[in-house]
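Structure first, then comments.
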2 protein chains.
Amino acid sequence: MTVTLADVAARARVSAATVSRVLSGNYPVAERTRGRVLRAVEELEYVVNGPASALAAASSDLVGILVNDLADPFFGIIAGAVQGELSGAAGPGGEKLAVVCSTGGSPERELRYLTLLQRQRAAAVVLTGSASEDPEHARALAAKLARLSGAGTRVVLCGRPAQPASPAAEPPATLTTLAFDNRGGAQRLTAHLVALGHRRIGCAAGPAGRTTTGERVAGHRAALAAGGIADAPHRTVHGAYDRASGYDAAVELLRRDAGLTAIVAANDAVALGACAALRDRGLRVPEDLSVAGFDDLPFSADAAPALTTVRLPLEEAGARAGRLATGREERPPGGLATLRAELLVRASTSVAYP
Amino acid sequence: MTVTLADVAARARVSAATVSRVLSGNYPVAERTRGRVLRAVEELEYVVNGPASALAAASSDLVGILVNDLADPFFGIIAGAVQGELSGAAGPGGEKLAVVCSTGGSPERELRYLTLLQRQRAAAVVLTGSASEDPEHARALAAKLARLSGAGTRVVLCGRPAQPASPAAEPPATLTTLAFDNRGGAQRLTAHLVALGHRRIGCAAGPAGRTTTGERVAGHRAALAAGGIADAPHRTVHGAYDRASGYDAAVELLRRDAGLTAIVAANDAVALGACAALRDRGLRVPEDLSVAGFDDLPFSADAAPALTTVRLPLEEAGARAGRLATGREERPPGGLATLRAELLVRASTSVAYP
DNA sequence: AACGGGACAGCAAGCGCTTTCTGTCGTGAG
DNA sequence: CTCACGACAGAAAGCGCTTGCTGTCCCGTT
């Protein structure tokens with residue numbers, strides 16, 4: 001029923017070996033022969049059997065991409081950029097395919113998908129977004145990544161901090177980290193607010209126990225401290241990285257301290273949710289309260305008011321990750337690069353009117 | 001170096017056949033034996049070789065998802081929903097992996113990715129978003145899909161109209177279409193504008209030659225006709241489905257007819273771009289011009305002003321596509337289902353003030 | 001004219017797993 | 001007590017492709 005290499009070989013009157021070599025193109029084949037083979041391939045509409053060649057060659061052209069949530073533009077942009085680089089410049093091994101896995105932030109699913117990718121003998125794996133801070137999972141993850149690395153799978157951490165150094169040795173040469181300067185960005189953002197005279201700033205943070213949340217909150221705290229503002233734990237609430245959580249967070253923050261003059265959110269969606277909550281309670285942004293987001297997703301500029309936020313080079317990060325995954329880019333020294341986070345002041349923040 | 005089935009078999013003191021059967025679980029194996037095998041698997045940290053089993057079993061657990069642009073939430077939401085269903089309820093064949101391919105709207109790349117997926121012997125393929133209207137490509141695509149179908153790959157068209165019936169016969173039983181009622185939605189949207197008194201309505205349409213664009217424009221025209229408004233070709237401009245195009249389109253539409261009182265956009269991003277253009281020229285929405293979007297992506301409610309748009313059941317469509325792809329949902333009668341498009345009136349449209 | 005060597009093409013041995021067909025027990029029925 | 005049969009487990013034949021090793025042929029050298 002289905003056409004195989006042997007069929008093509010028969011039609012082209014050559015051996016299967018020759019056909020294979022023509023198709024993979026890494027062995028001298030006479031021009032005449034090549035032509036005959038190619039014609040046979042055309043005529044028979046032959047399509048290589050991927051699994052078979054993966055088995056024989058002990059390599060596959062699948063690249064795994066782990067994301068929290070594909071529907072979130074933050075991850076969509078990164079995944080899209082990674083994928084874009086996989087098809088570009090069909091370097092060694094030709095076209096790669098992106099296997100996208102949504103973990104929903106669950107460490108278990110993260111591990112499970114990694115096993116699935118390991119099973120597929122993926123050529124590379126890109127882990128995006130924040131990681132769990134649970135030491136047990138961190139250990140399990142490190143072990144898994146080490147095993148993948150050991151099997152020749154390239155591993156790229158994109159938008160998450162470097163794996164905590166394993167007790168044994170430094171990260172393997174096939175593990176690269178592309179981190180975002182979440183801490184610095186958050187710090188500059190809160191410093192901006194402080195400079196505008198804000199003293200009572202609420203923090204609608206992301207889910208507890210995740211590296212990104214931790215980093216952003218740390219930056220926020222650092223800026224407060226630098227401004228001589230006492231730490232007020234009750235001014236921070238945790239929630240998911242979505243709009244609904246932002247709404248709830250704003251309500252809760254205001255309940256705890258009605259005198260807040262600003263809110264920094266975990267990301268843009270949360271900020272928009274917070275804005276909606278404020279609007280519903282008759283508060284104006286930024287006249288009554290300033291609100292700031294994080295990430296600078298495309299829609300944040302069109303929001304009302306346009307969101308002050310921190311721009312992360314999502315696209316660049318994804319593209320680099322894709323190139324690293326296909327071995328088309330030199331890994332940075334030490335296997336770690338930190339990407340800048342740039343403060344973007346727009347209309348949602350202004351001086352504090354106490 | 002790497003652990004194989006044989007290693008596990010040796011350790012469990014059984015044959016490779018038995019191990020395989022324990023792992024795939026579709027053949028009686030005594031409880032004691034099974035236990036021994038499972039333990040050996042644990043101890044050796046054995047992970048099946050995907051390509052090898054795919055080859056032997058002539059089946060893979062890869063499902064292809066073709067999208068225009070992963071970074072666009074429209075596709076991110078659909079792809080995420082499809083993917084979500086792949087892991088859910090590990091039915092026959094267990095966990096499936098999603099291979100996401102961005103075609104960028106290029107029919108060539110669409111075809112190329114389909115070949116790549118065919119090469120991987122994908123279990124199913126989901127094509128999302130609009131299709132090219134070029135008859136030649138339509139034919140090539142139909143042929144490709146027929147070949148995939150013939151090879152047992154399930155094919156789901158999600159958010160695009162049914163393939164034009166091939167001259168030969170009706171679509172194969174493994175081809176299902178989940179279409180959006182773009183035409184109806186667009187018609188209701190423009191009718192809403194007409195009812196508000198608008199007579200000079202600009203249309204910032206999507207790229208020419210794509211089914212979605214065609215359907216939405218057709219709906220728009222139908223509503224105009226129903227309202228007794230003469231067709232004015234110069235009031236329609238085509239562009240990409242992004243914000244920048246929306247900006248340009250608005251500028252161009254206004255240049256052609258400064259008396260426009262409303263603009264219907266190809267989608268929400270285009271609408272937001274148009275709003276930005278109007279804002280830049282000192283025009284207020286909706287006081288000076290009404291603007292409407294399409295799709296109802298999450299951010300459109302937070303825009304300024306909140307966008308009147310047409311809600312498409314993206315999530316539902318993706319989820320159904322995922323279930324159809326894994327054979328977990330009965331295909332609708334005739335292999336075609338059309339999903340409702342619901343008009344959502346918000347703040348960006350109001351009565352026309354001539 | 002004999003020979004060394006380059007340039008191709010083919011043989012055949014796997015790659016690691018699935019599955020059909022056999023074989024071996026243990027047990028209930030006769 | 002014997003026979004038939006159900007319930008497992010194993011042997012072995014591929015699945016379709018890659019690749020190291022062998023040829024074979026033809027050409028340039030000496």
Side-chain angles (χ1 to χ4, degrees), chain A residues 1-38 40-41 44-61 92-94 116 118-123 151-152, chain B residues 1-38 40-41 44-61 92-94 116 118-123 151-152:
Chain A
M1 189 62 229
T2 104
V3 183
T4 74
L5 237 211
D7 299 326
V8 176
R11 188 152 227 278
R13 326 206 116 268
V14 296
S15 72
T18 300
V19 177
S20 170
R21 298 202 259 244
V22 167
L23 261 23
S24 60
N26 41 224
Y27 191 87
V29 173
E31 204 44 57
R32 259 174 54 76
T33 317
R34 151 188 307 277
R36 241 179 324 138
V37 170
L38 257 19
V41 167
L44 263 28
E45 295 190 312
Y46 171 68
V47 174
V48 179
N49 181 316
S53 63
L55 172 57
S59 77
S60 96
D61 44 358
L116 252 23
Q118 181 184 3
R119 162 183 308 194
Q120 296 296 332
R121 303 300 189 254
Chain B
M1 189 61 232
T2 104
V3 183
T4 74
L5 238 211
D7 299 326
V8 176
R11 191 159 227 283
R13 324 205 118 269
V14 297
S15 72
T18 301
V19 177
S20 170
R21 299 202 261 241
V22 167
L23 263 23
S24 60
N26 41 225
Y27 190 86
V29 173
E31 202 46 56
R32 259 174 54 77
T33 318
R34 153 188 305 277
R36 246 182 318 143
V37 170
L38 257 19
V41 167
L44 264 28
E45 295 189 312
Y46 171 68
V47 174
V48 179
N49 181 317
S53 64
L55 171 57
S59 76
S60 95
D61 44 0
L116 253 23
Q118 181 183 3
R119 162 183 308 194
Q120 296 297 332
R121 303 300 189 254

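In what follows, every chain begins at residue 1, and chains take the letters A, B, ... in the order their sequences are listed. Below, all heavy atoms of this structure are taken into account, side chains as well, without hydrogens, waters or symmetry copies. It should be emphasised that the depicted structure is a prediction, and the values quoted were computed from it without experimental measurement.
The distance from the OG1 atom of B/Thr4 to the CG atom of B/Leu44 is 9.0 Å, given to the nearest 0.5 Å. Atom CG of B/Asp7 is separated from atom CZ of B/Arg11 by 10.5 Å, given to the nearest 0.5 angstrom.
Under a 3.5 Å cut-off, the side chain of A/Arg121 and the backbone N or O of A/Gln118 do form a donor-acceptor pair.
Between B/Leu44 atom CG and C/dG16 atom C1' the separation is 15 Å, expressed in whole Å. One interatomic measurement links the two molecules: CG of B/Asn26 to C1' of C/dT18, which rounds to 10 Å at whole-angstrom precision. Here the C1' atom of nucleotide D/dT18 and the CG atom of A/Leu23 are 12 Å apart, to the nearest Å.
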Please tabulate, for the side chains in residues 29-38 of chain B, all donor-acceptor contacts under 3.5 angstrom to protein atoms that are two or more places apart in sequence or on a different chain.
| from | atom 1 | to | atom 2 | distance (Å) |
| --- | --- | --- | --- | --- |
| B/Arg36 | NH1 | B/Ala12 | O | 2.7 |

Show which side-chain atoms of residues 14-22 of chain A pair as donor or acceptor with protein atoms under 3.5 Å away, not counting sequence neighbours.
| from | atom 1 | to | atom 2 | distance (Å) |
| --- | --- | --- | --- | --- |
| A/Ser15 | OG | A/Ala17 | N | 3.4 |
| A/Ser15 | OG | A/Thr18 | N | 3.4 |
| A/Ser15 | OG | A/Thr18 | OG1 | 3.3 |

Distance-only donor-acceptor pairs under 3.5 Å for side chains of residues 50-59 of chain A, two or more places apart:
| from | atom 1 | to | atom 2 | distance (Å) |
| --- | --- | --- | --- | --- |
| A/Ser53 | OG | A/Gly50 | O | 3.1 |

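Here B/Arg119 pairs with nothing under the salt bridge (charged side-chain N to carboxylate O under 4.0 Å, His left out) rule; sequence neighbours left out. Scored by the side chain to side chain donor-acceptor pair (under 3.5 Å) test, B/Thr2 finds no partners at all (sequence neighbours excluded).
Residues from residues 48-60 of chain B with heavy atoms under 4.0 angstrom of DNA chain D, sorted by number: B/Leu55, B/Ala56.
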Determine, for nucleotides 4-10 of chain C in 5'-to-3' order, which nucleotides have protein heavy atoms under 4.0 Å from the base (write B), from only the sugar-phosphate (write S), or from neither (write -). ----SBB
